Structure formats: structure tokens, C-alpha cells
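Contents: one structure, followed by commentary.
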Amino acid sequence: MTRIEEAFYDKKAFISFITAGDPSLEVTKQLVIRMEQEGADLIEIGIPFSDPVAEGPVIQAANERALKAGTTTDKIFAMVKELRQSVKVPLVFLTYYNPIFTYGTERFLRNCQECGVDGVIVPDLPFEEKRELSDVCKQFGVTFISLIAPTSHERIKMIAKEAEGFIYCVSSLGVTGVRSAIANDIPRMVSLVRKTTDIPCAVGFGIATKEQAMAMVEIADGAIVGSAIVELVAKYRENAVDYVGDYVREMKQAVESVEEVQEKIAK
């Protein structure tokens, strides 16, 4: 069983996201360690990029700060290698195809394998063009995480059929960011996936509150939170570790409360 499979095994997963290098790679390292301690089941690490098309203002700004701070892909790999000495949860890179292509696809994925990166999420790579990356992922034992969105419609089953690790269900149209309400297409998307495969579905884009996370894991297998955590980092900078830790603990407890209720009903 892979680390990603373990993250969803017999439980609902809470998945957290941060941008590497915001405000510094040293703080990023501390955040990853703390988020694992507070219950994060899987951690997404964003590789900063100058044109992150799927991101809203919060994560765009984090990308800009990280790049200005001198964050590079090589430095991120070195950080992950250090983290792997103690961190056991799966670590997944969220990045765009241009940085991978520019770095060199085989070189990038070989480094992922050597440093202990479990998977990659590439929001701007369409399903029809994924082979040029997913085949190399297989070569190096790195999971290629597929995304589906409310607009995917008939393509959902096609994407689900080839998906690995888990499916990232995009909850809303548009870019990432905290939202007051989540779209109601999630049950339909998850239902279509489950007609094709038993691979876990995790919902992201817009989840910020305990209530939103609970609502999503009632339907799906995991909740992904990014912008709300990145906002805390932006606000508290070098002092963000405790604030993010408290937030992750509360969100994980909310997810676990849904598990407990569903287990009681099942009995």
C-alpha cells in the first residue's frame, strides 16, 4: 500500500496545502512538520510559479512572495529531502506543466522519487495531454493525481477510469480561494466516479470552515484546504506555525466527527 492509499485507508482524509518558500523554506519546513503533528493526512506543497492560472489572489500573492524570497525548485527538493527524515505522511507537489517542462520532466520526476515526493497535481494539463507526464510518473513511481470539475460532465468517467491515488474534485468554477458557499455538484461528481472506480475522491477549492469540510466529507473521502491556510501564513509570516497548527487540528477534528457519526449509522 502506498502512502497516498494509507492516507485514505479506513478514514476520511484531511489534506492541507501550503506554498513552498512563503515566507521562507525554513518556515515551510516547520509548517509541514506541525501540520502532520496536528493530523493532516496528506500535505500538498505548491511550487511557486509566476503564472499560476488556477490560483486566486491569495495563493498568487504567496507565489510572488516565495519567488521574491529566492525559492527555487532545487531548494524545494532539498527541503523535502530533509523533511523525509521525520515526516511520514504523503507529500504531493502542486505545480504547473511549464515549471516541470523547463526543469526537465525526467529530471523533475527522478528528483521526486529520490526525495520522497509521493505524487504531483498539475491543474493546467488537460486529461487528453496527460500521457507525456503521467507515463514518466509511472517510470519513477510518482502518482499522477487527476482533477475533475463541475464542467467535466461525460469526461468524469473517462478520467476516473485511469486515475491513481485519489481524484481531486474541484468544488467550484473559477480559481482557488475561500468561498462562503460550495457548489452543489459534488454529489453528482462523486457518484459518477464511484460508478467507474473505488478510488478515493477529495474535494478542494473554497473549503475554509469546519462546517464546509464536514459537508464535503459526508459526500466524499477527503477535504482539501489551501487558501485559508495560506491566508494565515500571509498574516502571521514567521509566527504562522502555531496558528496554522491550531487551524489544522480543528479541521481534522471536524472531519473525524463526521467519520464517527457515519460509523455509528453503519452499525
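In what follows, every heavy atom counts, from backbone to side chain, and hydrogens, waters and symmetry copies are set aside. For clarity, every value in this text was computed on a predicted model and none was experimentally measured. Position 1 is the first residue of the sequence, and the numbers go up from there.
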With sequence neighbours excluded, give me every ring-ring contact (aromatic ring centres under 6.0 Å, His included) pair touching [range].
{"range": "residues 222-253", "value": "Y236-Y243"}
{"range": "residues 10-30", "value": "none"}
{"range": "residues 121-147", "value": "none"}
{"range": "residues 31-53", "value": "F49-Y96"}

Name all residues meeting the salt bridge (Lys or Arg N to Asp or Glu O under 4.0 Å) criterion together with R3; count only those two or more places apart in sequence or in a different chain, and write none if there are none. D118
Partners of R107 by salt bridge (Lys or Arg N to Asp or Glu O under 4.0 Å), sequence neighbours excluded? D74
Results of side-chain hydrogen bond (donor to acceptor under 3.5 Å, both in side chains) for K130 - residues two or more places apart only: E162
For D246, what residues pass the side-chain hydrogen bond (donor to acceptor under 3.5 Å, both in side chains) criterion, not counting sequence neighbours? R249
Measure from the side-chain N and O atoms of E129 to the backbone N and O of P126, and report whether any donor-acceptor pair falls under 3.5 Å. no
Would you find a donor on one side and an acceptor on the other, under 3.5 Å apart, between the side chain of S257 and the backbone of A254? yes
Only one of V92, V225, L42 clears side-chain contact (heavy atoms from CB on, under 4.5 Å) with I15; which? L42
Pairs satisfying salt bridge (Lys or Arg N to Asp or Glu O under 4.0 Å), at least one member in [range], at least two apart:
{"range": "residues 135-149", "result": "R131-D135, K138-E164"}
{"range": "residues 192-204", "result": "R194-D221"}
{"range": "residues 16-31", "result": "D22-R65, D22-R237, E26-K29, K29-E82"}

State which residues pass side-chain contact (heavy atoms from CB on, under 4.5 Å) with K68; sequence neighbours excluded, sorted by chain then number. none
